[in-house]
Amino acid sequence: MAMENYDVIVLGAGAAGMMCAIEAGRRGRRVVVLDHAQAIGEKIRISGGGRCNFTNLHCAPDRFISENPRFAVSALSRFTPEDFIARLDAHAIAFHEKTLGQLFCDGSAREVIAMLARDAAAAGVSVRLGTAVGEVAAGAGGYEVTTPVGVFSAPSLVVATGGKSIPKMGATGIGYAIAERFGLRVVAPRPGLVPLTFEGALKNMAAGLAGLSLDAVVTHGATRFREGLLFTHRGLSGPSILQISSFWREGEAIAIDLAPGHDVAATIGEARGAGAGRQKVVTALGALMPRRLAEQIAAEAGAALSNLADLTSRQIVGLGTATNHWRVTPSGSEGWRTAEVTVGGVATSELDQRTMAARARPHGPGFGLYFIGEVVDVTGWLGGYNFQWAWSSGWAAGQVV
């Protein structure tokens, strides 16, 4: 089988892999990128509704989940959102801020993909698509990657294969297998930024409200997000739920405030005492939340047809709890099928935070092995943080490979 020799082999033509390849190529390194997909940046293409939420202006370590969130500081501080924006400006790619610092292309995500392709070509990077990675081995001269079209050899190997999210796009756990092959610890991967599901009566309730969305505060332990919430046929989704899902573990409860900014029990009690006793409970609740949800909550409290004057003090407290402190235990999540990211990955304790290189192993290769992007145990919040980690970690590795 034919052998091709390079200075750097990058596994994965996504955001992190392409950024690393471009940077290494600009340094005069001979770089090849291998990917089983038929096009580069497939996750970029579908992100942000096709407009690519490519970064977030509020990028900071506290927006990332990891055994060691401080691990990301070095790369994020050396290649910032402003640095990536400068690249878009150089290619005349227009963008806008949506909410909460989230930046999107005015046009198509394909503009970002085209930018990466042009930069890679200009840097002399060879991109081999439709090339599945087989055996990865360390040899005297570095690393050898066997593929159906031949063997690729290089002193430096960069693993940018992503996580297990969105398997319909070909996502696999190959990056974790490579890490473990060379003795690196992997933090157990689990789906992140994913809808949560219910069973039984809760599932039926959610299905009855499917399509209804509202502003909500969702809390898990000390972590809270105030963003949109969406009822689905299987449970809950929307930005607030996707955010909390990355922190939630099976069997744990979450608390939801369906009327943030309103003390529902106090509001109902005051209205009843102010002469509005003949007002329907559903009407009073409907002033604080969508009518369909108000009807559901009133019915659950046995007050679907009641006036405020008919309510007992216990019922008022119960309505307040059901709206401001709704505590539920999801049965699970939608899983890898719809997860936007992977939580977990190659342990940060195994990597150098400045270079993304694997630390030398007593019985391993001890040189030239790098892990970047989603395959690493660094997971950002919803809203462009994961792309910024891809750009930053790819850039960091690209300076040294």
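These numbers come from a predicted model, not from an experiment. The first residue in the sequence is number 1, and the count goes up from there.
Rounded to the nearest 0.5 angstrom, Asp352 CG and Tyr370 OH are separated by 9.0 Å. Summarising the geometry, atom CD belonging to Glu374 is positioned 3.5 Å from atom NZ belonging to Lys43; distances are rounded to the nearest 0.5 Å. In this structure, His220 NE2 and Ser246 OG are separated by 11.0 Å, a value rounded to the nearest 0.5 Å. Going from atom CH2 of Trp381 over to atom OG1 of Thr223 covers 8.0 Å, rounded to the nearest 0.5 Å. In this structure, CZ in Arg51 is found 7.0 Å from CG in Asp106, a value given to the nearest 0.5 Å. To the nearest 0.5 Å, atoms CG (Leu293) and CG (Leu288) are separated by 10.5 Å.
The two residues Val218 and Ser240 have their closest heavy-atom pair at CG2-OG, 3.4 Å. Contact detail for Thr379 and Gly344: the closest heavy-atom pair is OG1-N, 4.0 Å. The two residues Thr219 and Arg224 come nearest to each other via the heavy atoms OG1-CB, 3.6 Å. The two residues Ala16 and Ile372 come nearest to each other via the heavy atoms O-CD1, 3.4 Å. Among all heavy-atom pairs drawn from Ala24 and Val401, the shortest one is CB-CG2, 3.6 Å. Here the closest heavy-atom approach between residue Pro290 and residue Leu212 is recorded as CB-CD1, 3.8 Å.
For Gln296 (side chain) and Arg292 (main-chain N/O), no donor-acceptor pair under 3.5 Å exists by modelled atom type. Of the possible polar contacts, none joining the Ser108 side chain to the Glu111 backbone as a donor-acceptor pair under 3.5 Å is found. A donor-acceptor distance shorter than 3.5 angstrom exists from the side chain of Ser393 to the backbone of Gly373, with no hydrogens or angles considered. Remark: side-chain polar atoms of Arg181 are paired, donor with acceptor, to backbone N or O of Val136 under 3.5 angstrom. Formation of a donor-acceptor pair under 3.5 Å by the Ser153 side chain with backbone atoms of Glu144 is not found in this model. Looking at Glu350, its side chain never comes within 3.5 Å of a backbone N or O of Ala347 through a donor-acceptor pair. Formation of a donor-acceptor pair under 3.5 Å by the Asp215 side chain with backbone atoms of Arg226 is not found in this model. Between the Arg29 side chain and the Val400 main chain, no donor and acceptor come within less than 3.5 Å of each other. With Asn53 contributing its side chain and Ser47 its backbone, the two residues share no donor-acceptor pair below 3.5 Å.
Within 6.0 Å of the CZ atom in Arg354, the count of heavy atoms belonging to other residues, nucleotides or ligands does not exceed 12. For CG of Leu305, the number of neighbouring non-hydrogen atoms (other residues, nucleotides, ligands) closer than 6.0 Å is 12 at most. Atom CZ of Arg30 has more than 12 neighbouring heavy atoms from other residues, nucleotides or ligands inside a 6.0 Å radius. For Arg110, the CZ atom counts as loosely surrounded, since its 6.0 Å shell holds 12 or fewer non-hydrogen atoms of other residues, nucleotides or ligands. Atom CZ of Arg327 sits in a sparse spot, with 12 or fewer heavy atoms from other residues, nucleotides or ligands closer than 6.0 Å. Around the NE2 atom of His91, the shell of radius 6.0 Å holds more than 12 heavy atoms that belong to other residues, nucleotides or ligands.
Side-chain contact annotation: Ser74 with Gln353, donor-acceptor N/O pair under 3.5 Å absent. No hydrogens or angles considered: nothing links the side chains of Glu4 and Ser126 as a donor-acceptor pair under 3.5 Å.
When side chains are defined from C-beta on, Phe152 counts as touching Arg128, because their heavy atoms get closer than 4.5 Å. Inter-residue side-chain proximity for Ser349 and Asn68 is flagged as unmet; no heavy-atom pair is nearer than 4.5 Å. The shortest side-chain heavy-atom distance between Arg272 and Ile316 falls under the 4.5 Å cut-off. Inter-residue side-chain proximity for Thr342 and Trp336 is flagged as met; some heavy-atom pair is nearer than 4.5 Å. A heavy-atom distance below 4.5 Å is found between the side chains of Phe54 and Leu88. Looking at Val328 and Leu196, their side chains never come closer than 4.5 Å, going by heavy atoms from C-beta outward. For the pair Phe198/Pro330, a side-chain contact is recorded, criterion being any heavy-atom separation below 4.5 Å from C-beta on. Using a 4.5 Å cut-off on side-chain heavy atoms (C-beta onward), Met289 and Ile297 make contact.
In summary, Asp119 and Arg26 engage in a salt bridge, as defined by a charged side-chain N under 4.0 Å from a carboxylate O. Using a cutoff of 4.0 Å between basic side-chain nitrogens and carboxylate oxygens, Glu23 and Arg27 are not scored as salt-bridged. Between Glu67 and Arg185, at least one side-chain N (NZ, or NE/NH1/NH2) sits under 4.0 Å from a carboxylate O, which counts as a salt bridge. Arg337 has a carboxylate O that lies under 4.0 Å from a charged side-chain N of Glu334, or vice versa, which qualifies the two as a salt bridge.
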Handout entry: Candidate pair Met356 and Phe71, rule side chain to side chain contact (heavy atoms under 4.5 Å, CB included), full reasoning
Key = CA-CA 10 Å; Met356 306 304 298; Phe71 176 87; 3.7 Å; yes
Practice task
Step by step, work out the ring pair (Phe, Tyr, Trp, His ring centres under 6.0 Å) result for Tyr143 and Phe182.
Solution key: CA-CA 11 Å; Tyr143 296 88; Phe182 292 113; 5.7 Å; yes
Exercise for the section: Go through the steps for Val282 and Arg291 under the test side chain to side chain contact (heavy atoms under 4.5 Å, CB included), then give the verdict. Expected result: CA-CA 8 Å; Val282 169; Arg291 177 79 180 193; 3.2 Å; yes
Practice task
Check the pair Ile256 / Leu236 against side chain to side chain contact (heavy atoms under 4.5 Å, CB included), numbers first and verdict last.
Solution key: CA-CA 11 Å; Ile256 304 174; Leu236 298 174; 3.6 Å; yes
Practice task
Would you sort out whether Phe95 and Ile85 count as a side chain to side chain contact (heavy atoms under 4.5 Å, CB included), showing the intermediate values?
Solution key: CA-CA 9 Å; Phe95 60 89; Ile85 289 168; 3.4 Å; yes
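Ring pair Phe387/Trp391 is parallel by interplanar angle, where below 30° counts as parallel and above 60° as perpendicular. Between Phe247 and Phe225, the two ring planes are tilted [angle within 30° to 60°].
Checked against Thr55 for a side-chain hydrogen bond (donor to acceptor under 3.5 Å, both in side chains), the options Gln102, Glu82, Gln388 give a single hit: Gln388. Screening Leu34, Asp35, Thr131 against Leu11 for a side chain to side chain contact (heavy atoms under 4.5 Å, CB included) leaves a single residue, Leu34. With respect to Cys52, the side chain to side chain contact (heavy atoms under 4.5 Å, CB included) criterion is satisfied by exactly one of Ile44, Leu103, Ile46: Ile44.
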